[in-house]
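Written below as structure tokens is the structure these notes are about.
Any value given below was found using the heavy atoms of this structure, including those in side chains, with hydrogens, waters and symmetry copies removed.
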Amino acid sequence: MDSVNFNNILRWDPPTTNGSEAYTYAAEYKLDLQRATNYTKICQTNETQCDFSVITYDSIVRMRAELNSSISEWVTIPFDPYSQTVISAPEVRVASRAGYLDVSFFGPMRESDGMSLKDLYGDFKYKLFYWRQSEPSLVTSMDSIQNFETLADLDKWTNYCIRVQAYAPDFNKTGELSKAICEKTTHDGLIPGWKIALTFIIPLFISAVIIVGMFYLGSTIYKVAKYLCFPKYSFPEHLKEYLSQPFYNPPHLPTQGPDDVGETYGTLTLVSEENQEV
């Protein structure tokens, strides 16, 4: 009996004869129970195989050869699909995410109806094996009853390889290993402390520079305005008095007294803007 994932195919060799007779074969089964039960015929065929995928419990299978009116003796074998079927490798997918590896695995499935072997066995686990691609001898393993696991505590920017197999503890039956899938981890996504500090320090520094710059600019503008509007030097009082009078008034100069005859005077000429325009 060749059985993979409860897809049960009974195969046999034809009788050894000197001729080329065309044999037909009959194949039957019954449940392996204490009380007597009748056999159920599955195949009456000229081929040397028969599909017994209908068997889902511990059974007894038999077949015989027939040639015209002659028949052979029955050849009987016991068959328990739960303990004898081969559990194939599950389908595995690996995705790299922020320093982790997300591993999902499915199946295997029964070919006849697509039912998961996990539902058939009930107690069904998966074994995960992973290792650094550069160190294949250092293998880490873990068990899972789910269809998804996240591998943590991995080195960043490192290639890891993963294989998965199914396992039925009640029957101590281990399935086939999946093909190795290698994937590279990325950055863990955690922000270093110094970057967090810079996130706060840089805006504060920029704000301080802007405030100091605005204060300096305001102080400079104030000093320039004060210099232009309120200069430190002052005009003589007699010039202030003259400038405070309208320009069209004739200038009032002090008359020369008798006591000033012997003194020497310079000539002061005042010209208004109106006289210059005329």
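- If you take CZ on F106 and OG on S116, they are separated by 11.0 Å, rounding to the nearest 0.5 Å.
- Heavy-atom contacts from other residues, nucleotides or ligands closer than 6.0 Å to CG of L204 number more than 12.
- For the pair Q84 and S3, the minimum side-chain heavy-atom distance is 4.5 Å or more.
- Remark: E47 CD is loosely packed, at most 12 non-hydrogen atoms of other residues, nucleotides or ligands lying under 6.0 Å away.
- For the pair F79/N8, a side-chain contact is recorded, criterion being any heavy-atom separation below 4.5 Å from C-beta on.
- Side chains of I60 and T76 form a contact here, defined as non-hydrogen atoms less than 4.5 Å apart.
- Cluster membership for V4 and Y121, using ILVMFWY side-chain heavy atoms within less than 4.5 angstrom, is not shared.
- Taking all atoms of both residues into account, the shortest heavy-atom contact from G107 to Y126 is O-OH, 2.6 Å.
- The same ILVMFWY cluster, assembled from side-chain heavy atoms under 4.5 Å apart, contains both M115 and F105.
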Any chance you could lay out the side-chain contact (heavy atoms from CB on, under 4.5 Å) test for T85 and K173, step after step, and finish with the verdict?
CA-CA 9 Å; T85 194; K173 190 168 185 62; 4.3 Å; yes
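- Inter-residue side-chain proximity for Y160 and L101 is flagged as met; some heavy-atom pair is nearer than 4.5 Å.
- At a cut-off of 3.5 Å, with distance as the only test, a side-chain donor of N7 or S53 sits close to an acceptor on the other residue.
- Side-chain N or O atoms of S178 include one that pairs as donor or acceptor with a backbone N or O of V164 at under 3.5 Å.
- Between K30 and E28, none of the side-chain N atoms (NZ, or NE/NH1/NH2) sits under 4.0 Å from a carboxylate O, so this pair counts as no salt bridge.
- Between the side chain of S72 and the backbone N or O of A65, at least one donor-acceptor pair lies under 3.5 Å.
- To the nearest 0.5 Å, atoms OG1 (T24) and CG (N46) are separated by 6.0 Å.
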What's the verdict on side-chain contact (heavy atoms from CB on, under 4.5 Å) for F148 and D102, showing C-alpha distance, side-chain angles and the deciding distance?
CA-CA 7 Å; F148 181 89; D102 294 330; 3.7 Å; yes
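- Rounding to the nearest 0.5 angstrom, the gap separating the CD atom in E176 from the CZ atom in R163 is 10.5 Å.
- Put simply, the side chain of S207 gets close to the backbone of P203: a donor and an acceptor are under 3.5 Å apart.
- Under a hydrophobic clustering in which Ile, Leu, Val, Met, Phe, Trp and Tyr are joined whenever their side-chain heavy atoms come within less than 4.5 Å, directly or via other members, L10 and V54 fall into the same cluster.
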Pair I9, M1 - check side-chain contact (heavy atoms from CB on, under 4.5 Å), show working.
CA-CA 6 Å; I9 305 298; M1 183 72 76; 5.7 Å; no
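- To the nearest 0.5 angstrom, W74 atom CH2 is 4.0 Å from R64 atom CZ.
- Within the 3.5 Å criterion, the main-chain N or O of A98 finds no donor-acceptor partner in the side chain of K156.
- Residues F171 and F124 fall within the same hydrophobic cluster, defined by Ile, Leu, Val, Met, Phe, Trp and Tyr side chains chained together at heavy-atom separations under 4.5 Å.
- Under a cutoff of 6.0 Å and an axis angle of 45°, R62 and Y39 form a cation-pi pair.
- Remark: K127 qualifies as a cation-pi partner of Y167 under the 6.0 Å distance and 45° angle criteria applied to the six-membered ring.
- Counting all heavy atoms, side chain and backbone alike, P90 lies closest to Q165 at CD-CA, 4.1 Å.
- Under the 4.5 Å side-chain contact rule for hydrophobic residues, I77 and I42 share a cluster.
- Within the 4.5 Å cutoff, the side chain of V103 has no heavy atoms near those of the T150 side chain.
- For C182 against Q133, the heavy-atom pair with the smallest separation is SG-NE2, 3.9 Å.
- Heavy-atom contacts from other residues, nucleotides or ligands closer than 6.0 Å to CD of E111 number 12 or fewer.
- For T185 (side chain) and W157 (main-chain N/O), a donor-acceptor pair under 3.5 Å exists by modelled atom type.
- The number of heavy-atom neighbours closer than 6.0 Å to OH of Y57, taken from other residues, nucleotides and ligands shown, is 12 or below.
- T56 approaches P81 most closely through the heavy-atom pair C-CG, 3.7 Å.
- Counting heavy atoms from C-beta outward, L117 and I87 have side chains that approach closer than 4.5 Å.
- Between the OG1 atom of T45 and the CG atom of D51 there is a distance of 11.5 Å, given to the nearest 0.5 Å.
- Counting heavy atoms from C-beta outward, V61 and F52 have side chains that approach closer than 4.5 Å.
- A donor-acceptor contact closer than 3.5 angstrom links the side chains of N5 and S88.
- Note on ring orientation: taking the six-membered ring where Trp is involved, the planes of Y82 and F6 are perpendicular (angle over 60°, cut-offs 30° and 60°).
- Annotation for M142 and Y130: closest pair SD-CE2, 4.4 Å, computed over non-hydrogen atoms.
- Within the 4.5 Å cutoff, side-chain heavy atoms of T40 are placed close to those of Y29.
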Going through the distances and angles, do L151 and I162 end up as a side-chain contact (heavy atoms from CB on, under 4.5 Å)?
CA-CA 10 Å; L151 303 182; I162 301 168; 3.7 Å; yes
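- Atom CG of D119 has more than 12 heavy atoms from other residues, nucleotides or ligands within 6.0 Å.
- Defined by atom type and a distance below 3.5 Å, a donor-acceptor pair is present between the side-chain atoms of S144 and E149.
- Between K125 and D143, none of the side-chain N atoms (NZ, or NE/NH1/NH2) sits under 4.0 Å from a carboxylate O, so this pair counts as no salt bridge.
- Looking at every heavy atom in both residues, S59 comes nearest to L31 through OG-CD2, 3.7 Å.
- Between the CG atom in L217 and the CD1 atom in I221 there is a gap of 4.0 Å [rounded to 0.5 Å].
- Checked by atom type and distance alone, the side chain of S141 never pairs as donor or acceptor with a backbone atom of L128 at under 3.5 Å.
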